[in-house]
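Below you'll find the structure, written out as structure tokens, and then a few comments.
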Amino acid sequence: MLAASKSAGSKAESSKAVASFVGSSSCEGCHEKEFITFKKHSKKAHSDRSVKIMAKQLTPEELKECYACHTTGYGKPGGFVSFEKTPDMGHAGCEVCHGPGSAHVESGGKKNLILGKGRMSVKECETCHNPERVSNFRFKPMLYGGAH
């Protein structure tokens, strides 16, 4: 009996721990300056444009690879589904770098609930900006130049 209740408690705790994507507009209220700079200067804020241009030339598998880096939360809870169903997630928003934001937002902004705790390093960029992609597209991450 006791083991079963511990197991049930663990499942409840782990389901609470899974954060979902909420979109960059959820960040704006507390991070207005960063949000404005991101929308105005960051290429990530408009990354959907290149995907839409290339989409007709790509196979469905290739397109999914593009979505993984050029959209927010593709294939994950609350993330990008399609440009029609989830247009606000159709670009590489705040959560692409900082991780799903639902827990951070619900907590009132606890920094330990986002990646980098508010400070990022190039290591986090390498999920998308890995050596193969940098070589193929000749594009390097601009950690402090245009993200915000």
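One-based numbering along the sequence shown.
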Partners meeting side chain to side chain donor-acceptor pair (under 3.5 Å) with K52 (sequence neighbours left out):
D48
Nearest-0.5 Å distance that lies between atom [atom1] in [X] and atom [atom2] in [Y]:
X: F35; Y: C30; atom1: CZ; atom2: SG; value: 12.5 Å
X: K56; Y: L58; atom1: NZ; atom2: CG; value: 12.0 Å
X: H31; Y: S24; atom1: NE2; atom2: OG; value: 11.0 Å
X: H70; Y: K43; atom1: NE2; atom2: NZ; value: 11.5 Å
X: H104; Y: C27; atom1: NE2; atom2: SG; value: 7.0 Å

Which residues pass the side-chain contact (heavy atoms from CB on, under 4.5 Å) test with K40, sequence neighbours left out?
none
Keeping T37 on the side-chain end and E34 on the backbone end, is there a donor-acceptor pair under 3.5 Å?
no
Sidechain-backbone polar pair: T86 side chain, V81 backbone, donor-acceptor under 3.5 Å:
yes
Quick one: closest heavy-atom pair of [X] and [Y], and the distance?
X: V51; Y: Y67; value: CG1-CE2, 3.7 Å
X: H46; Y: H91; value: N-CB, 4.4 Å
X: S102; Y: A19; value: OG-CA, 3.3 Å
X: K39; Y: A45; value: CA-CB, 4.1 Å
X: T71; Y: V96; value: O-CG2, 3.4 Å
X: F21; Y: E95; value: CA-OE2, 3.3 Å

Out of N112, I114, L113, which residue meets the side-chain contact (heavy atoms from CB on, under 4.5 Å) rule with S107?
L113
Treating Ile, Leu, Val, Met, Phe, Trp and Tyr as nodes and any side-chain heavy-atom pair under 4.5 angstrom as an edge, say whether F38 and I36 lie in one connected cluster.
no
Could you go through K64 and Y74, starting from their C-alpha distance and side-chain angles, then the distance that decides it, and tell me whether this counts as side-chain contact (heavy atoms from CB on, under 4.5 Å)?
CA-CA 8 Å; K64 288 177 185 179; Y74 175 68; 3.2 Å; yes
Sequence neighbours left out, what passes disulfide bond (SG atoms under 2.5 Å apart) with C69? Give chain and number order.
C128
